[in-house]
> 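One structure, pasted below without further comment.
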Amino acid sequence: MKLVTYTHQNQEARLGFIFNDLVIDMEDFGEVANFPLPDDMLDLIDMGIEVVDEINDLIADTPDEFIIKIGVPLEEVTLLAPIPRPRKNIIGIGLNYTEHVAESARTLDTTGKLPQKPIIFSKPPTTVTATKTEVIKNTKLTSQLDWEVELAVIIGKTGKYVSKSEAMDYVFGYTVINDISARDCRREGQWIVSKGQDTFAPMGPYLVTKEEIENPHNLNLSLKVNGIEKQNSNTKFMLFNIPDLIEDLSTVFTIEPGDIIATGTPAGVGAGRDPQEWLHDGDVIEATVEGIGTIMNTVKEI
(Lines give C-alpha, C1' and ligand atoms only; values in the text may rest on other atoms or scores of the structure.)
Protein backbone atom coordinates (compact mmCIF):
# COMPACT_ATOMS: atom_id res chain seq x y z
CA MET A 1 0.00 0.00 0.00
CA LYS A 2 1.24 3.48 -0.85
CA LEU A 3 0.21 5.90 1.88
CA VAL A 4 0.25 9.68 1.51
CA THR A 5 -0.27 12.77 3.57
CA TYR A 6 -1.89 15.35 1.32
CA THR A 7 -3.97 18.48 1.00
CA HIS A 8 -6.72 19.17 -1.51
CA GLN A 9 -8.42 22.47 -2.23
CA ASN A 10 -6.74 24.20 0.72
CA GLN A 11 -8.10 21.78 3.29
CA GLU A 12 -5.99 20.66 6.26
CA ALA A 13 -3.57 17.78 5.88
CA ARG A 14 -5.24 14.40 5.40
CA LEU A 15 -4.16 10.76 5.26
CA GLY A 16 -4.82 8.77 2.12
CA PHE A 17 -3.73 5.84 -0.01
CA ILE A 18 -3.12 5.43 -3.73
CA PHE A 19 -5.67 3.42 -5.73
CA ASN A 20 -5.63 3.42 -9.55
CA ASP A 21 -3.85 6.82 -9.70
CA LEU A 22 -6.40 8.24 -7.27
CA VAL A 23 -5.86 9.44 -3.73
CA ILE A 24 -8.42 7.82 -1.47
CA ASP A 25 -8.99 9.60 1.81
CA MET A 26 -8.36 7.09 4.60
CA GLU A 27 -11.02 8.39 6.98
CA ASP A 28 -13.61 8.51 4.20
CA PHE A 29 -12.72 4.98 3.15
CA GLY A 30 -13.18 3.86 6.73
CA GLU A 31 -16.74 5.17 6.61
CA VAL A 32 -17.41 3.32 3.35
CA ALA A 33 -15.94 0.10 4.75
CA ASN A 34 -17.54 0.54 8.18
CA PHE A 35 -14.12 0.38 9.84
CA PRO A 36 -13.04 3.57 11.66
CA LEU A 37 -9.73 4.85 10.32
CA PRO A 38 -7.69 7.96 11.22
CA ASP A 39 -6.82 11.03 9.18
CA ASP A 40 -3.18 11.19 10.32
CA MET A 41 -0.19 8.98 9.45
CA LEU A 42 1.15 8.70 12.99
CA ASP A 43 -2.29 7.77 14.29
CA LEU A 44 -2.45 5.01 11.69
CA ILE A 45 1.00 3.69 12.64
CA ASP A 46 -0.10 3.72 16.28
CA MET A 47 -2.88 1.28 15.37
CA GLY A 48 -0.20 -1.36 14.80
CA ILE A 49 1.52 -2.98 11.86
CA GLU A 50 -1.36 -5.48 11.53
CA VAL A 51 -3.76 -2.70 10.53
CA VAL A 52 -2.18 -2.64 7.06
CA ASP A 53 -3.36 -6.21 6.37
CA GLU A 54 -6.82 -5.30 7.64
CA ILE A 55 -7.03 -2.30 5.33
CA ASN A 56 -5.79 -4.32 2.36
CA ASP A 57 -8.49 -6.89 3.07
CA LEU A 58 -11.11 -4.16 3.27
CA ILE A 59 -9.96 -2.73 -0.07
CA ALA A 60 -10.19 -6.18 -1.66
CA ASP A 61 -13.70 -6.67 -0.26
CA THR A 62 -15.00 -3.24 -1.32
CA PRO A 63 -16.29 -2.84 -4.89
CA ASP A 64 -13.95 -0.67 -6.95
CA GLU A 65 -16.73 1.74 -7.86
CA PHE A 66 -17.31 2.59 -4.18
CA ILE A 67 -13.62 3.37 -3.71
CA ILE A 68 -13.27 5.34 -6.93
CA LYS A 69 -16.29 7.43 -6.00
CA ILE A 70 -14.44 8.97 -3.06
CA GLY A 71 -11.11 9.35 -4.91
CA VAL A 72 -9.32 12.46 -6.11
CA PRO A 73 -6.88 12.37 -9.06
CA LEU A 74 -3.31 12.28 -7.78
CA GLU A 75 -2.33 15.26 -9.92
CA GLU A 76 -4.95 17.42 -8.18
CA VAL A 77 -3.56 17.02 -4.66
CA THR A 78 -0.51 18.46 -2.96
CA LEU A 79 1.65 15.78 -1.39
CA LEU A 80 3.18 16.59 1.97
CA ALA A 81 5.94 14.57 3.60
CA PRO A 82 4.38 11.25 4.66
CA ILE A 83 5.10 12.20 8.30
CA PRO A 84 5.13 16.01 8.11
CA ARG A 85 6.13 16.44 11.74
CA PRO A 86 7.96 13.45 13.26
CA ARG A 87 7.59 13.08 17.02
CA LYS A 88 11.34 12.71 17.43
CA ASN A 89 14.50 13.47 15.52
CA ILE A 90 15.15 11.46 12.38
CA ILE A 91 17.85 8.88 13.10
CA GLY A 92 20.60 9.22 10.52
CA ILE A 93 23.26 6.63 9.72
CA GLY A 94 26.60 7.89 8.46
CA LEU A 95 29.17 6.17 6.24
CA ASN A 96 27.02 3.09 5.56
CA TYR A 97 28.22 2.35 2.01
CA THR A 98 31.84 1.33 1.36
CA GLU A 99 32.51 3.69 -1.55
CA HIS A 100 31.01 6.61 0.38
CA VAL A 101 33.42 5.85 3.24
CA ALA A 102 36.28 6.15 0.76
CA GLU A 103 35.11 9.36 -0.88
CA SER A 104 34.42 10.98 2.51
CA ALA A 105 37.95 10.19 3.65
CA ARG A 106 39.36 12.03 0.62
CA THR A 107 37.56 15.29 1.30
CA LEU A 108 36.01 15.32 4.80
CA ASP A 109 37.35 14.75 8.29
CA THR A 110 36.80 10.97 8.31
CA THR A 111 39.44 8.26 8.60
CA GLY A 112 38.54 6.01 5.68
CA LYS A 113 38.31 2.99 7.96
CA LEU A 114 35.13 0.95 7.66
CA PRO A 115 32.95 1.56 10.74
CA GLN A 116 32.80 -1.36 13.16
CA LYS A 117 29.44 -0.15 14.48
CA PRO A 118 26.80 2.12 12.91
CA ILE A 119 27.61 5.82 13.03
CA ILE A 120 24.52 7.56 14.38
CA PHE A 121 23.45 11.21 14.11
CA SER A 122 20.08 12.93 14.04
CA LYS A 123 18.05 15.51 12.16
CA PRO A 124 15.40 17.58 14.00
CA PRO A 125 11.72 17.35 12.98
CA THR A 126 11.99 20.84 11.46
CA THR A 127 14.28 19.46 8.74
CA VAL A 128 11.34 17.66 7.13
CA THR A 129 9.87 19.00 3.92
CA ALA A 130 7.90 17.46 1.06
CA THR A 131 8.54 16.78 -2.58
CA LYS A 132 8.11 19.82 -4.87
CA THR A 133 9.21 22.23 -2.16
CA GLU A 134 12.30 24.37 -1.70
CA VAL A 135 15.47 23.35 0.10
CA ILE A 136 16.76 26.47 1.82
CA LYS A 137 20.44 27.30 1.41
CA ASN A 138 21.26 29.86 4.09
CA THR A 139 24.28 31.62 2.61
CA LYS A 140 25.15 33.03 6.05
CA LEU A 141 25.82 29.46 7.16
CA THR A 142 26.99 27.50 4.13
CA SER A 143 28.47 27.67 0.68
CA GLN A 144 28.86 23.89 0.45
CA LEU A 145 25.36 22.44 0.15
CA ASP A 146 25.32 18.75 -0.78
CA TRP A 147 22.91 15.90 -1.57
CA GLU A 148 22.46 12.33 -0.25
CA VAL A 149 19.73 9.97 -1.49
CA GLU A 150 18.71 7.42 1.14
CA LEU A 151 16.21 4.68 1.87
CA ALA A 152 14.34 5.52 5.06
CA VAL A 153 12.75 2.92 7.34
CA ILE A 154 9.61 3.71 9.36
CA ILE A 155 9.29 1.83 12.65
CA GLY A 156 5.88 0.34 13.48
CA LYS A 157 6.10 -0.81 17.09
CA THR A 158 8.01 -0.24 20.32
CA GLY A 159 11.15 -2.27 20.83
CA LYS A 160 14.13 -2.55 23.14
CA TYR A 161 17.04 -4.98 22.66
CA VAL A 162 15.53 -6.22 19.40
CA SER A 163 17.42 -9.13 17.85
CA LYS A 164 18.42 -9.16 14.19
CA SER A 165 16.23 -12.21 13.63
CA GLU A 166 13.13 -10.29 14.78
CA ALA A 167 14.06 -6.82 13.55
CA MET A 168 12.00 -6.78 10.36
CA ASP A 169 8.88 -7.44 12.45
CA TYR A 170 9.29 -3.86 13.73
CA VAL A 171 9.23 -2.25 10.29
CA PHE A 172 6.05 -0.49 9.20
CA GLY A 173 7.28 0.72 5.83
CA TYR A 174 9.72 2.77 3.78
CA THR A 175 10.12 6.17 2.18
CA VAL A 176 12.77 8.27 0.39
CA ILE A 177 14.88 10.86 2.17
CA ASN A 178 17.39 13.29 0.71
CA ASP A 179 19.84 13.89 3.55
CA ILE A 180 20.81 17.44 2.60
CA SER A 181 24.15 18.35 4.18
CA ALA A 182 26.10 21.59 4.61
CA ARG A 183 29.65 20.27 4.47
CA ASP A 184 31.24 23.44 5.88
CA CYS A 185 29.03 23.38 9.00
CA ARG A 186 30.61 20.40 10.75
CA ARG A 187 31.78 21.40 14.22
CA GLU A 188 34.61 19.40 15.78
CA GLY A 189 33.28 16.19 14.30
CA GLN A 190 29.66 16.92 15.26
CA TRP A 191 27.21 16.74 12.36
CA ILE A 192 23.89 18.19 13.58
CA VAL A 193 24.59 21.73 12.32
CA SER A 194 25.59 20.26 8.96
CA LYS A 195 22.59 17.95 8.78
CA GLY A 196 19.94 19.65 10.90
CA GLN A 197 19.05 22.93 9.23
CA ASP A 198 15.44 23.61 8.24
CA THR A 199 14.32 21.78 5.04
CA PHE A 200 17.36 19.46 5.11
CA ALA A 201 15.23 16.27 5.05
CA PRO A 202 13.01 16.20 1.95
CA MET A 203 10.88 13.08 2.33
CA GLY A 204 8.31 11.17 0.30
CA PRO A 205 6.52 11.02 -2.00
CA TYR A 206 4.87 8.01 -0.36
CA LEU A 207 5.19 5.80 2.67
CA VAL A 208 5.20 2.32 1.14
CA THR A 209 4.15 -0.37 3.60
CA LYS A 210 6.59 -3.22 3.98
CA GLU A 211 4.53 -5.92 2.26
CA GLU A 212 4.95 -3.95 -0.99
CA ILE A 213 8.75 -4.23 -0.90
CA GLU A 214 9.89 -7.81 -1.44
CA ASN A 215 13.51 -7.15 -0.47
CA PRO A 216 14.56 -3.75 0.92
CA HIS A 217 18.17 -4.88 0.57
CA ASN A 218 17.98 -5.00 -3.21
CA LEU A 219 16.61 -1.62 -4.26
CA ASN A 220 18.23 0.70 -6.74
CA LEU A 221 18.66 4.25 -5.50
CA SER A 222 19.79 7.25 -7.52
CA LEU A 223 19.94 11.02 -7.54
CA LYS A 224 20.03 13.67 -10.26
CA VAL A 225 20.91 17.36 -10.14
CA ASN A 226 19.45 19.40 -12.99
CA GLY A 227 18.78 16.15 -14.84
CA ILE A 228 22.37 14.85 -14.57
CA GLU A 229 22.85 11.64 -12.61
CA LYS A 230 25.14 12.00 -9.60
CA GLN A 231 24.40 8.86 -7.55
CA ASN A 232 23.42 5.36 -8.67
CA SER A 233 23.75 2.33 -6.43
CA ASN A 234 21.77 -0.37 -4.64
CA THR A 235 20.81 -0.96 -1.02
CA LYS A 236 22.53 -4.35 -1.14
CA PHE A 237 25.79 -2.45 -0.64
CA MET A 238 24.89 -1.21 2.85
CA LEU A 239 27.59 -2.02 5.40
CA PHE A 240 24.94 -2.41 8.11
CA ASN A 241 21.59 -3.67 6.84
CA ILE A 242 18.21 -2.88 8.36
CA PRO A 243 18.24 -5.69 10.98
CA ASP A 244 21.78 -4.64 11.97
CA LEU A 245 20.62 -1.07 12.46
CA ILE A 246 17.46 -1.92 14.38
CA GLU A 247 19.38 -4.26 16.71
CA ASP A 248 22.05 -1.63 17.38
CA LEU A 249 19.68 1.33 17.76
CA SER A 250 17.28 -0.53 20.05
CA THR A 251 20.20 -1.45 22.28
CA VAL A 252 21.06 2.24 22.63
CA PHE A 253 17.50 3.54 23.06
CA THR A 254 13.91 2.38 22.75
CA ILE A 255 12.58 2.50 19.21
CA GLU A 256 8.95 3.60 18.90
CA PRO A 257 6.15 3.75 16.32
CA GLY A 258 6.80 6.52 13.81
CA ASP A 259 10.57 6.57 14.32
CA ILE A 260 12.43 7.22 11.06
CA ILE A 261 15.81 5.69 10.23
CA ALA A 262 17.67 7.16 7.25
CA THR A 263 19.93 4.26 6.31
CA GLY A 264 22.83 6.11 4.67
CA THR A 265 23.87 7.19 1.20
CA PRO A 266 26.06 5.63 -1.48
CA ALA A 267 28.97 7.28 -3.30
CA GLY A 268 28.47 10.21 -5.63
CA VAL A 269 27.91 13.11 -3.24
CA GLY A 270 29.18 16.52 -4.24
CA ALA A 271 31.90 16.62 -1.61
CA GLY A 272 33.46 13.46 -3.01
CA ARG A 273 33.77 14.70 -6.57
CA ASP A 274 36.89 16.10 -8.25
CA PRO A 275 36.41 18.98 -8.43
CA GLN A 276 33.83 19.17 -5.66
CA GLU A 277 30.29 20.15 -6.65
CA TRP A 278 27.78 22.08 -4.54
CA LEU A 279 24.12 22.99 -4.86
CA HIS A 280 23.21 26.53 -5.90
CA ASP A 281 20.12 28.70 -6.19
CA GLY A 282 17.62 27.18 -8.62
CA ASP A 283 19.20 23.73 -8.80
CA VAL A 284 16.67 20.90 -9.07
CA ILE A 285 17.39 17.69 -7.12
CA GLU A 286 15.59 14.40 -7.82
CA ALA A 287 16.10 11.51 -5.37
CA THR A 288 14.71 8.10 -6.30
CA VAL A 289 14.41 4.74 -4.57
CA GLU A 290 13.09 1.78 -6.55
CA GLY A 291 9.60 0.70 -5.52
CA ILE A 292 8.91 3.91 -3.63
CA GLY A 293 9.23 6.85 -5.99
CA THR A 294 11.00 10.14 -6.61
CA ILE A 295 11.13 13.35 -4.61
CA MET A 296 12.01 16.59 -6.38
CA ASN A 297 13.19 19.76 -4.69
CA THR A 298 14.55 23.13 -5.79
CA VAL A 299 17.33 24.97 -3.99
CA LYS A 300 16.48 28.46 -2.73
CA GLU A 301 19.25 30.72 -1.50
CA ILE A 302 18.53 33.22 1.24
Side-chain angles (χ1 to χ4, degrees), residues 1-19 22-62 66-67 70-72 74 77-91 122-131 152-160 162 168-177 201-213 246 249-250 253-262 292-293 295:
M1 182 184 303
K2 287 185 174 179
L3 300 170
V4 294
T5 299
Y6 74 101
T7 61
H8 181 239
Q9 296 180 341
N10 298 316
Q11 67 184 21
E12 293 184 357
R14 302 282 296 177
L15 173 64
F17 62 89
I18 304 300
F19 182 86
L22 298 172
V23 174
I24 310 300
D25 187 89
M26 187 68 75
E27 190 175 40
D28 290 349
F29 174 71
E31 293 180 4
V32 170
N34 196 29
F35 186 90
L37 290 168
D39 63 0
D40 177 84
M41 188 74 76
L42 288 172
D43 288 344
L44 181 72
I45 295 171
D46 286 343
M47 293 179 72
I49 295 172
E50 299 77 12
V51 75
V52 174
D53 289 337
E54 295 181 78
I55 296 171
N56 279 325
D57 289 343
L58 289 170
I59 293 171
D61 291 341
T62 303
F66 291 171
I67 301 176
I70 59 172
V72 177
L74 180 58
V77 309
T78 298
L79 294 180
L80 307 181
I83 302 177
R85 177 74 184 194
R87 293 174 177 138
K88 295 153 58 177
N89 282 16
I90 295 168
I91 304 161
S122 73
K123 299 171 79 80
T126 46
T127 58
V128 173
T129 190
T131 187
V153 177
I154 313 300
I155 296 298
K157 64 178 180 178
T158 300
K160 182 68 175 173
V162 177
M168 296 305 294
D169 295 339
Y170 289 77
V171 174
F172 186 87
Y174 308 94
T175 191
V176 183
I177 279 184
M203 185 192 307
Y206 314 116
L207 192 166
V208 178
T209 52
K210 69 176 179 180
E211 85 283 355
E212 293 283 325
I213 303 294
I246 289 175
L249 292 168
S250 68
F253 48 77
T254 301
I255 58 172
E256 297 178 312
D259 282 356
I260 303 167
I261 305 170
I292 300 173
I295 52 175

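The first residue in the sequence is number 1, and the count goes up from there.
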> Which pair of non-hydrogen atoms, one from H8 and one from V72, has the smallest distance, and what is that distance?
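Smallest interatomic distance, heavy atoms only, reads NE2-CG1, 3.5 Å.
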> Within a reach of under 6.0 Å around CD of E12, are more than 12 heavy atoms found that belong to other residues, nucleotides or ligands?
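Open.
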> Around atom CZ of F35, are there more than 12 heavy atoms of other residues, nucleotides or ligands at under 6.0 Å?
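Correct, the count exceeds 12.
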> Any side-chain heavy atom of K123 sitting closer than 4.5 Å to one from N89?
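Heavy-atom side-chain distance check fails, nothing below 4.5 Å.
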> Using 4.0 Å as the upper bound for N to carboxylate O, is an ion pair formed by D46 and R87?
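Here R87 pairs with D46 in a salt bridge, since their nearest N and O are under 4.0 Å apart.
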> With rounding to the nearest 0.5 Å, note down the distance linking OH in Y170 to CD1 in I261.
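Atom-to-atom, Y170:OH and I261:CD1 are 12.5 Å apart.
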> CD1/I213 to CD/E211 distance, rounded to the nearest 0.5 angstrom?
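Output value for this atom pair is 9.0 Å.
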> Minimum heavy-atom separation for A81 to A130, with atom names?
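A81 and A130 have their closest heavy atoms at N-CB, 3.3 Å.
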> Is any side-chain heavy atom of K210 closer than 4.5 Å to one of F172?
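In short, these two side chains do not touch, never coming nearer than 4.5 Å.
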> What residue among I295, T129, T127, I90 forms side-chain contact (heavy atoms from CB on, under 4.5 Å) with M203?
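For M203, the side-chain contact (heavy atoms from CB on, under 4.5 Å) check succeeds only for I90.
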> Assess the pair F19 and F29: is the distance between their ring centroids shorter than 6.0 Å?
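Centroid distance F19-F29: not below 6.0 Å, so no.
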> Using 4.0 Å as the upper bound for N to carboxylate O, is an ion pair formed by E212 and K2?
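Here K2 does not pair with E212 in a salt bridge, since their nearest N and O are not under 4.0 Å apart.
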> Considering all heavy atoms of both residues, which atom of V176 and which atom of G293 are nearest to each other, and what is their separation?
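Closest heavy-atom pair between V176 and G293: CG2-O, 3.6 Å.
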> As an exercise, state the distance from CZ of F17 to OH of Y206, rounded to the nearest 0.5 Å.
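Between F17 CZ and Y206 OH, I get 14.0 Å after rounding to 0.5 Å.
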> I need the minimum non-hydrogen distance between I155 and I45, along with the two atoms involved.
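Shortest heavy-atom contact: O-CG2, 3.7 Å.
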> For a 4.5 angstrom cut-off between non-hydrogen side-chain atoms, does I55 reach L37?
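Yes, their side chains come closer than 4.5 Å.
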> Would you compute the distance between atom CG of L44 and atom CE of M1 and round it to the nearest 0.5 angstrom?
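The CE atom of M1 is 8.0 Å from CG of L44, to the nearest 0.5 Å.
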> Looking only at heavy atoms, which two atoms of D28 and D25 are closest? And how far apart?
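Taking every non-hydrogen atom into account, N-OD2, 3.0 Å.
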> Report the distance from atom CE of M41 to atom OG1 of T5, rounding to the nearest 0.5 Å.
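That separation rounds to 4.0 Å.
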> Atom OH in Y6, atom CD1 in I18: separation rounded to 0.5 Å?
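Rounded to the nearest 0.5 Å, the OH-CD1 separation comes to 9.5 Å.
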> Grab the two heavy atoms, one from T131 and one from P205, that are nearest each other, plus how far apart they are.
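Taking every non-hydrogen atom into account, CG2-CB, 4.4 Å.
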